[in-house]
Amino acid sequence: NADPQKTAFLLRKAWTLYSVTPLYRFHRARLRDYARLLSAFIAAEKQKGLAVEVGVELDIKVAVSSLADLRGSEQDQAAVLVQLSLRSQASSRNSEDKLVWLGWFCSVYGDDLSENVPEDFTCLPLFLTHGAESYTSMVGSWFQKTFDCCFRRLAISPLNLSWMVAMWAGCKLDRAASAVELVFSVPHLSQPLDISYAIHPEDAKALWDTVQKTPGEITQEEVDVFMDCLYSHFHRHFKIHLSAAKLVKVSTAVASAHCDGIVKILHSQYLPGVLMLLTELAISQIQ
Amino acid sequence: MDETVAEYIRRTVLKIPRDEIKTMLQKWGFLSEEQLQTLNFHQIKDNISQEVVQLCEENSADIKQAAVLDIIYNHIYQNKRMWSVYQMKKSGEEWDYFDITDFKKKFKARLRSALKNVTITFKEYEDNAIWIRVAWGTPYKKPNQYKPSYVVYHSQTPYVFISASVLKSNLPLLCQALIVASNYHEIREMELRSHSLDSLKDIVFKRYSQNFQTYSPKPLPGGNVEPEIADIRIVQENRSEKERIHRLNWEVFGSGPQPKLEFAQYKLETMFKSDPKMGVLDKKEPFRCLIKFSSPHLLESLKSLAPAGMADAPLSPLLTCIPHKARNYFKIREKKGLFPESFVSP
């Protein structure tokens with residue numbers, strides 16, 4: 001399993017999620033070449049004036065590497081990491097380049113997809129980015145052109161968010177945990193209304209533990225019961241039907257997720273589990 | 001002119017939107033009309049503020065005048081700050097005649113006796129509001145002009161509105177000075193906070209339209225729920241339900257505009273109850289949660305929940321009591337005894 005030190009950079013960052021269709025003729029031996037080609041592509045985009053923005057610099061260094069440990073099963077492809085750094089202005093060899101953008105492709109138990117795909121294709125259905133949108137767009141364009149793949153923002157439905165909050169609320173944590181928070185939005189009123197429902201993590205876990213019948217297994221029914229409990233407790237006090245509002249964000253000590261496809265993973269122990277769930281979402285968006 | 005004063009004036013002017021600078025300087029009245037004429041308001045703000053500082057230099061501005069400009073800015077842009085409400089109490093029934101000079105003297109004396117390094121500035125407005133600006137220092141440091149506290153006091157009322165600076169340790173001293181100066185006995189913070197100072201005043205001064213629970217045989221103000229539809233083949237389903245909701249909403253909220261609050265927060269420590277058939281949590285301890293409602297105009301959005309089908313009518317008293325209980329922070333515990341369904345809010 002992944003060395004926590006190597007994957008520490010993944011934690012506590014807000015990642016924007018995309019689904020990616022399989023890459024055609026992607027060769028792991030050529031990562032260095034890809035880095036050079038992508039770097040040239042970005043420089044050309046600059047010259048064309050296409051990405052003229054404050055903060056988007058000219059001298060970008062690109063690194064593409066493999067993260068061997070970041071995968072689920074042996075069938076999964078190892079993750080691919082792309083890093084964009086600003087070449088340091090000072091000429092001294094000691095000054096470090098400043099990292100401006102990170103993106104990585106991965107597949108954690110993505111067998112559903114990789115099983116059904118011809119040999120020339122590499123399956124890495126989940127793409128996560130951190131950094132300016134303009135860089136994401138350039139990197140995405142280059143990958144699309146080079147490997148004939150397609151990127152799409154991964155939206156997370158209220159249904160999937162409720163799965164996440166139920167699962168993560170039930171996780172056992174050794175340290176003091178932060179609250180389990182659900183954020184709802186009611187947009188179509190005369191004035192928009194946001195409702196934040198934050199539950200003490202011990203009480204949320206206690207509730208989930210009585211709902212979940214088989215450890216290690218979660219059913220849709222159990223998630224529904226959990227959510228109904230929260231809705232009815234709320235209704236008892238406020239007479240508001242929270243189930244009619246839109247669940248837009250969930251937040252726990254394990255991870256947080258926003259319906260626009262933004263995720264933050266806070267706990268290394270649950271990293272594989274979260275990535276597995278997100279891989280599944282990416283695959284269902286592709287298929 | 002002191003360099004720190006010059007810099008403070010420069011930064012204050014920079015905050016002002018370019019179109020407003022002239023008006024605000026006129027309100028300030030420190031620079032003469034002739035001096036204001038020499039200013040070029042069509043250049044970038046950086047240059048405008050430099051020119052203003054130069055004029056202030058000519059007039060030898062000190063921190064006192066600069067502080068007045070700051071009050072004027074904050075009075076106009078009061079909604080940028082978060083205001084808390086405090087209520088003062090008198091021990092007896094005596095209503096002393098309010099003497100503003102006496103108030104100012106006592107206030108300054110009380111603060112200065114505890115803390116030598118303070119800048120205290122007053123400005124009175126037409127609506128009987130006294131604005132007080134206090135910049136806090138320490139025994140060894142001059143006052144930090146960039147983190148002052150603002151107090152708004154309507155002398156005919158026991159209410160004080162405070163926008164504290166980040167330095168909360170000065171709050172007790174500020175409160176003490178207020179009660180000493182205004183001849184009150186004690187002061188307590190209410191559970192009411194908002195950016196909209198006017199709305200806070202509306203709530204505590206009861207200036208919003210309230211509806212009292214009297215039966216009104218008159219026709220409902222505002223007319224019908226739905227506009228008249230010419231085609232008689234179109235029938236409104238649930239018409240009576242819609243009218244019932246409309247009537248209940250009107251009874252609770254009244255027909256006038258609601259005070260503008262941005263949020264309400266409820267700390268719930270009530271028991272979790274569920275259908276025994278579900279076989280879920282049945283602890284003897286409370287289900288602890290913190291619920292926060294936010295909206296650009298909270299009361300209006302709550303008012304529209306039932307008509308939108310998102311809530312039952314009548315809406316829960318926990319929500320509808322906000323204006324007349326003058327609070328938007330609540331702690332709800334289970335009420336023990338005969339009626340387990342009702343809640344107690346301390």
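From a predicted model like this one, the values you see are computed outputs, not experimental measurements. Residue numbers start from 1 in every chain, and the chains themselves are labelled A, B, ... in the order their sequence lines are given, proteins ahead of strands.
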Checklist entry - In terms of heavy-atom contacts, does OH of A:Tyr270 have more than 12 from other residues, nucleotides or ligands at under 6.0 Å? => result yes
Next on the checklist: Just so I understand: if I count every heavy-atom pair under 4.5 Å between each of A:Asp209, A:Leu182, A:Val183, A:Leu189 and chain B, which residue has the most?
Outcome noted: A:Leu189
Checklist entry - Should A:Gln191 and B:Glu300 count as side-chain neighbours, where that means a heavy-atom distance under 4.5 Å? => result yes
Checklist entry - Side chain, backbone, both or neither: which part of B:Tyr266 has a non-hydrogen atom closer than 4.5 Å to chain A? => result side chain
Next on the checklist: Working to the nearest 0.5 angstrom, can you tell me the gap between A:Ile240 CD1 and B:Met310 CE?
Outcome noted: 7.0 Å
Checklist entry - Tell me, side chain or backbone of A:Phe234 under 4.5 Å from chain B's heavy atoms, or both, or neither? => result side chain
Item to check | chain B contact via A:His188 - side chain, backbone, both or neither, heavy atoms under 4.5 Å | outcome: neither
Next on the checklist: Does atom CD (B:Glu191) have a neighbourhood of more than 12 heavy atoms from anything else shown, all under 6.0 Å?
Outcome noted: yes
Item to check | Spacing of A:Phe238 atom CZ and B:Leu302 atom CG [to the nearest 0.5 Å] | outcome: 10.0 Å
Next on the checklist: Counting heavy-atom pairs under 4.5 Å with chain B, which one of A:Pro192, A:Ser190, A:Ala204 comes out on top?
Outcome noted: A:Pro192
Checklist entry - Just how far is it from atom CG of A:Leu193 to atom OG of B:Ser304, taken to the nearest 0.5 Å? => result 8.0 Å
Item to check | Top contributor to chain A contacts, counting heavy-atom pairs under 4.5 Å, from B:His297, B:Lys303, B:Gln265 | outcome: B:His297
Checklist entry - Which of the residues B:Leu268, B:Leu315, B:Leu298 is involved in the greatest number of heavy-atom pairs with chain A at under 4.5 angstrom? => result B:Leu268
Checklist entry - Is the count of non-hydrogen atoms from other residues, nucleotides or ligands lying under 6.0 Å from A:Lys246 atom NZ greater than 12? => result no
Checklist entry - Which residue out of B:Cys289, B:Ala264, B:Pro307 racks up the most heavy-atom pairs below 4.5 Å with chain A? => result B:Cys289
Checklist outcome for this item: Turns out that what part of A:Val186 lies under 4.5 Å from chain B's heavy atoms comes down to side chain
Next on the checklist: When you compare the side chain of B:Asp312 with that of A:His235, does any pair of heavy atoms fall below 4.5 Å?
Outcome noted: yes
Checklist entry - Should B:Leu305 and A:Lys239 count as side-chain neighbours, where that means a heavy-atom distance under 4.5 Å? => result no
Item to check | Straight-line distance of B:Phe272 CZ to A:Thr210 OG1, nearest 0.5 Å | outcome: 7.5 Å
Item to check | Donor-acceptor side-chain pairing of B:Thr270 and A:His237 below 3.5 angstrom | outcome: yes
Item to check | Proximity breakdown for A:Ala245 and chain B, heavy-atom pairs closer than 4.5 Å | outcome: both
Checklist entry - Going from OG on B:Ser295 to CG on A:Asp194, what distance comes out if it is rounded to the nearest 0.5 angstrom? => result 8.0 Å
Checklist entry - In this structure, are over 12 heavy atoms from other groups packed under 6.0 Å from A:Gln220 atom CD? => result yes
Item to check | Within 6.0 Å of NZ in B:Lys267, more than 12 heavy atoms from elsewhere | outcome: no
Item to check | Proximity breakdown for B:Ile291 and chain A, heavy-atom pairs closer than 4.5 Å | outcome: both
Item to check | Spatial distance of atom CG (A:Asp203) from atom CZ (B:Phe287) [nearest 0.5 Å] | outcome: 6.0 Å
Next on the checklist: Check this for me: A:Lys249, atom NZ, are more than 12 non-hydrogen atoms of other residues, nucleotides or ligands nearer than 6.0 Å?
Outcome noted: no
